[in-house]
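Written below as structure tokens is the structure these notes are about.
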2 protein chains.
Amino acid sequence: MMKQATIKDIAQLVGVSASTVSRALKGSPEISEETIKIVQETAKRLNYFPNKAALSLLHFKTRTIGVIVPNLGYSFFSTALEGIEEEASKRGYTVIASQSLESEEKEIRNVIDMKRSGVDGVLISLAQYSSQLNHLLELQSQMPIVLFDRVSDNIHCSKIFVNNTAGAFSAVEHLIKIGCKRIAYMAGPKNLLISNRRKDGYSMSLYRNKMKVDEKLIVHCEFSHTSAMRAALKLLKSKDRPDGIFAISDRVAIGAMAAAKKLNLRIPEDVAIIGFNDEPIAALVSPSLSSVRQPAKVIGQMAAKLLIDQIEADKVFTPVIKSYMTRLSIRESTKRK
Amino acid sequence: MMKQATIKDIAQLVGVSASTVSRALKGSPEISEETIKIVQETAKRLNYFPNKAALSLLHFKTRTIGVIVPNLGYSFFSTALEGIEEEASKRGYTVIASQSLESEEKEIRNVIDMKRSGVDGVLISLAQYSSQLNHLLELQSQMPIVLFDRVSDNIHCSKIFVNNTAGAFSAVEHLIKIGCKRIAYMAGPKNLLISNRRKDGYSMSLYRNKMKVDEKLIVHCEFSHTSAMRAALKLLKSKDRPDGIFAISDRVAIGAMAAAKKLNLRIPEDVAIIGFNDEPIAALVSPSLSSVRQPAKVIGQMAAKLLIDQIEADKVFTPVIKSYMTRLSIRESTKRK
DNA sequence: ATTATTCGTGCAAACGTTTGCGTAAATTGA
DNA sequence: TCAATTTACGCAAACGTTTGCACGAATAAT
């Protein structure tokens, strides 16, 4: 188990002091060309790189950021994490990621762990029922935070997400265009912001097409297959059943597909279905699922960029709200002849 | 932005020296009961916890472990990560995770990042084509590493995985039991150990049932939908097409399902299909996919445990190889009347 | 009353790095 | 030749924590 080389090792080898090595490594002008050359060569030979802990101690910064997401198994989040890591790495930051598994309790524990790890800031996408946001407000009093995707209006900070309203609008417009007359919205938890934004887009589209919003066609469920399927079954069994469903996520949409099949309804002829996120799974189910695509990686990159900008800003930082456009991925589940 | 309280702050408030505070916080017997009490109260009041960087500097340990997996979007890996984080957190360790995205080049960069972050050890599951393992051997000369799931015979370290041979064996036995006469194996890259172990199980089952192994029925593909579908199409178009397919992963199995549908073959009547990993997606596709289930979370926990044990061992640590049993999840894709 | 023991606490060094300041030697200018 | 300047480097402190050692005071033993 080889010990890492330190500045002192180089100093001893070259025969100068540690401070000279430190300066030479950054090519300081007050060090002679010759010394710089030999120090840098020795450093490379010893495979030297600075000890993170020592730097942290000196600068009160760890150059580490935390990420808390509901579940990395959702490809939206693992792809966003990819973007986050890319941006962080580019700027010399390390990322520590953790999953709340949609539990607020676990999210709180994650926040505590992040504090103890001494991160410089945290990127968060909220768990589905996170409503008591005290843990985040408290965290925010100690370090910058940035919310992405699953954000909240009750926290004043930078936020990155897609234009959920517009995304939902385009999905519902698409359903109407292929001939749907009664369109349902399978929403998420009632207090979840993205769920309500998408509901706005849903309503706007109906309104624009002079269709009225029927509250019975708006059902709430959790982000799980069984919860979605149960809700969809109830919806599709009602006498005035919908002939189109816009679901808050692909997994919920797939729950709806399962319900439709159970009731022997044809997709998309009897009921067309469209989801949100455009996860790989959407292309793999049968019939393949239309969906609203989010630029997950870009969202991750931008979220990380804003967080790091804020960490490195010396003056007061004004929160930035940034939203991206979505794109429809049309597949079999909404392809009518 | 509140600064974190330090031992010095407590010392000043209580009116003792920093060393006394340090000892009092751990309830050292050489400090008076009274001092201990007031110090601990003050610490709690100030929300004190020790500065990680300072401890790292002192002990040459960061209490951080790294994790490198092919893709966190595979639920096997995100679930394993869950287990890893649980065990790490229990033992006071922080986890930094990164994805190789199945690219050896990225895996190498990840390894370098890990070294720079100063982790105490690394957990790795290999990218699909990782063959040049120099980066791992070099890493191993500096810190303990543990491989899990996608392991290699060419590295001498602790390894955790499922009994791939037995898992494959049971899957093929199942196919035979439901009446399959010609069973294909859709394998992964040729040098991937888990792929070959599963091939062993496949062959063993055929042998036990007095069926001969036909090399034409063993095809190699990548872990992507298109690669799998292409391979399956070729397989299913051949005149002697198989009536059963055992695939190295669920995604590959789903590629095979797509190919079968394209050729208007019924699943499971014309061709029965079984995958590996039992990802959530297996239950969601239609027909639902039978699969070999791995205890992902337990594997993650055990891998983390072994790594941390090794990090904390003062003497030479003998590598531990541990394998877990799999369980069949039987679904529609192998349910014949 | 004197010495030995125990108890409670503080001092200082160490970990690796940076940086303001000081200083010897080399160079310049007259 | 001597003063003024420049060049090239070293010293020491600081960041937060732990820990071996020392030390004063109180207590116990003689």
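In what follows, chains are A, B, ... by sequence order, proteins preceding strands, each numbered from 1.
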Just compare [options] and give me whichever is closest to any side-chain atom of [X].
| X | options | value |
| --- | --- | --- |
| B:Arg23 | D:dC21, C:dG20, C:dT17 | D:dC21 |
| B:Ile7 | D:dC11, C:dT17, D:dT18 | D:dT18 |
| A:Leu57 | D:dT19, C:dT9, D:dC15 | D:dC15 |
| A:Phe60 | C:dT17, D:dC15, D:dT17 | D:dC15 |
| B:Asn51 | C:dT19, D:dG16, C:dT9 | D:dG16 |

Hey, is the side chain of [X] poking within less than 4.0 Å of OP1 or OP2 on [N], counting only N and O atoms?
| X | N | result |
| --- | --- | --- |
| A:Ser22 | C:dT18 | yes |
| B:Lys61 | C:dC15 | no |
| A:Thr35 | D:dC9 | yes |
| A:Thr20 | D:dG10 | yes |
| A:Lys8 | C:dC15 | yes |

Can a salt bridge be assigned to the pair [X] and [Y] using a cut-off of 4.0 Å between side-chain N and carboxylate O?
| X | Y | value |
| --- | --- | --- |
| B:Lys305 | B:Glu87 | no |
| B:Glu312 | B:Lys61 | no |
| A:Glu105 | A:Arg109 | yes |

What is the distance, rounded to the nearest whole Å, between atom CD1 of B:Ile31 and atom P of C:dC7?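 Computing the B:Ile31:CD1 to C:dC7:P distance gives 13 Å.
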Touch class at under 4.0 angstrom, heavy-atom based, for [X] against every strand present:
| X | value |
| --- | --- |
| B:Thr6 | sugar-phosphate |
| B:Lys52 | nothing |
| B:Ser17 | base |
| B:Leu58 | base |
| A:Leu55 | sugar-phosphate |
| A:Ser32 | sugar-phosphate |

Kindly assign one of parallel, tilted or perpendicular to the pair B:Phe148 and B:Phe76, based on the angle between their ring planes and the thresholds 30° and 60°. tilted
For B:Phe223, is the NZ or CZ atom of B:Arg150 found under 6.0 angstrom from the centre of its six-membered ring and inside 45 degrees of the ring axis? yes
Over-ring placement of B:Lys159 relative to B:Phe161, 6.0 Å and 45° cut-offs: no
To the nearest 10 degrees, the angle between the two end axes of the helix from C:dA1-D:dT30 to C:dA30-D:dT1 (five pairs per end) comes to 60°
